[in-house]
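Notes follow once the structure below has been shown.
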Amino acid sequence: MSELSHKARRRWALIILLVGLPVYIVVAVNVIDLFERPPFLLELAIYVVLGLVWALPFRFIFRGVGKADPDTAENDQRNRPRR
């Protein structure tokens with residue numbers, strides 16, 4: 001897979017958080033409801049694990065999204081006048 005630009009990763013991260021995460025939550029809750037309700041601590045552990053597992057396939061998209069665009073930062077440094 002080719003390397004995504006910082007801007008593209010930011011857009012995909014937003015789509016994943018606004019669309020994918022709510023869909024994942026609904027699916028996870030419905031799958032858990034198919035079974036008899038487990039004890040509270042087991043149910044809590046299941047939701048914690050599911051809450052962490054959803055992000056694993058998207059690590060490469062979320063990595064560095066909160067930082068400034070490295071391409072823009074390099075261009076800003078090159079275009080600044082020297083003192």
Side-chain angles (χ1 to χ4, degrees):
M1 185 172 158
S2 64
E3 186 69 26
L4 291 173
S5 69
H6 184 75
K7 194 174 205 176
R9 283 196 335 238
R10 287 181 70 135
R11 287 181 182 155
W12 275 112
L14 187 63
I15 291 169
I16 290 167
L17 290 174
L18 292 177
V19 177
L21 184 57
V23 169
Y24 180 80
I25 290 169
V26 169
V27 169
V29 168
N30 285 328
V31 168
I32 294 296
D33 284 342
L34 291 176
F35 304 103
E36 187 176 321
R37 186 165 185 165
F40 175 75
L41 290 178
L42 178 60
E43 186 176 9
L44 179 65
I46 290 169
Y47 283 123
V48 168
V49 169
L50 289 175
L52 296 173
V53 167
W54 76 269
L56 292 178
F58 305 116
R59 283 183 304 202
F60 70 97
I61 291 176
F62 291 121
R63 187 168 291 150
V65 169
K67 297 180 181 177
D69 189 350
D71 297 330
T72 304
E74 290 175 8
N75 290 337
D76 289 345
Q77 289 292 337
R78 282 189 234 155
N79 293 334
R80 282 191 186 161
R82 295 185 184 216
R83 293 182 187 190

### Message
Main chain of Leu50, side chain of Tyr24: is a donor-acceptor contact present, judged purely on distance under 3.5 Å?
### Response
yes

### Query
Would a hydrophobic clustering, with Ile, Leu, Val, Met, Phe, Trp and Tyr connected at side-chain separations under 4.5 Å, put Leu14 with Phe60?
no

### Where Ala13 and Ile61 come nearest, the two heavy atoms and their spacing
N-CG2, 3.7 Å

### Query
Is a donor on one side and an acceptor on the other found under 3.5 Å between the side chain of Trp12 and the backbone of Arg9?
no

### Task
If a pair satisfies side-chain hydrogen bond (donor to acceptor under 3.5 Å, both in side chains) and one of its residues is in residues 31-44, list it, with sequence neighbours excluded.
Arg37-Glu43

### Task
Treat each ILVMFWY residue as a node, draw an edge where side-chain heavy atoms are under 4.5 Å apart, and state whether Val65 and Leu17 are in one component.
no

### Query
If you group Ile, Leu, Val, Met, Phe, Trp and Tyr by side-chain heavy-atom gaps below 4.5 Å, do Ile25 and Phe62 land in one group?
yes

### Task
State, to 0.1 Å, how close Trp54 and Phe58 come at their nearest heavy-atom pair, and which atoms those are.
O-CD1, 3.3 Å

### Task
Sorted by first residue and then second, give each salt bridge (charged side-chain N to carboxylate O under 4.0 Å, His left out) pair with at least one member in residues 45-55; sequence neighbours left out.
none

### Message
As an exercise, state the distance from OH of Tyr47 to CD1 of Ile32, rounded to the nearest 0.5 Å.
### Response
5.0 Å

### Heavy-atom pair of closest approach, residues Leu42 and Pro38
CD2-CB, 3.7 Å

